[in-house]
Amino acid sequence: MIITNPPVAITDNLLLLGTTDYPIYLVYEGGDAAVVEGGVGACGPVLEQQLAKFGVGREMVKQIVVTHGHPDHVMAVPAFRRMFPGAHVLASQIAAATMANEKAIGFFTKIDGALTTWLLDKGAITESQKPQALAELKIAVDRILKEGDTVAVGGLKFNVIATPGHSDCSLSLFEPTQEIAIVADVTGFYMPATKTWWPMYFSDYGACMNSIRRLATLDAEVVCLSHNAVITGADEVKKYFEGAIASTEAYHKRIVDAVKGGKDPRALAGELGVEIHAQTGSLPVDFFQKNCSLLIKNSLKHEGIAVEK
Ligand SMILES: [Zn+2]
């Protein structure tokens, strides 16, 4: 099944909260709970209203796990800290460094403002769910997570898996007894309506493919994506990963073939940016064009193709 509309209980231990575009996961067991994903700023007020509905006591939430240090994955963390006093914030070393960087968080604040407007305009949030301004341009992390660590939530034990490729700082989680995987953006931007992916290997194509393949071998029953959907059921999960692998490879090949065929990489970035912007207009077209130029750079680097500056 493909589940897209929060708030909804996915299993007895897992809630899909936040908004469809920016999901927040709440895992809980035995009176203990953790929030996974740091969302956009609006996820703070949204979560506040959703928690009451499911009767999750705020005192249960003892951990806030950040999958990676991108603007749409950390900006609600300060609000979560206020909501869950005493909860620890967990992230990779590289994500923690980004979150401590005032320049980075200043930039994230601008992106977050644009995303708030977009969510308001399309009715995904209400005026009362607009986020508060951050008190400081820093988001503190209390515990550094790395490959092989465990995040315990009651009797559940989430294994921390380094999944680089989308960013160097991306972490995924897997709970083997419940077969729940929470994957960072590494499997691509999945659009359930069309069952298509926009690959997002912003840091490295080869690392991204390795990370997707590794996540596929977990044989999860539930896969929580960083955007747009939760996939449940072994068959659906298998199909999801096959699709993610095939579409990432195809996008890479499309870029490499185009450039080998004489296409100017800058013109290609312009066209690919327009194409994805037409499918998700969350930010201005130049934002997507910049991201597409990163994909082109990483595809060409992977193939050892030099590009003139
Ligand atoms: Zn990301």
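Numbering of ligands and ligand atoms starts at 1, following listing order.
Evaluation of the ring-ring contact (aromatic ring centres under 6.0 Å, His included) test over residues 18-46, restricted to residues two or more places apart or in two chains, returns Tyr22-His227.
Around atom CG of Asp12, no more than 12 heavy atoms belonging to other residues, nucleotides or ligands sit under 6.0 Å away. Other residues, nucleotides and ligands contribute only 12 or fewer heavy atoms inside 6.0 Å of the NZ atom of Lys130.
The Zn ion (ligand 1) has His68 NE2, His70 ND1, His166 NE2, Asp185 OD2 as its protein N, O or S neighbours under 2.8 Å.
Note on ring orientation: taking the six-membered ring where Trp is involved, the planes of His166 and Phe202 are tilted (angle from 30° to 60°).
If you run side-chain contact (heavy atoms from CB on, under 4.5 Å) between Phe189 and each of Leu225, Asn291, Thr196, Thr280, only Thr280 comes through.
A pairwise comparison of heavy atoms in Ser167 and His70 identifies CB-NE2, 3.7 Å as the closest pair.
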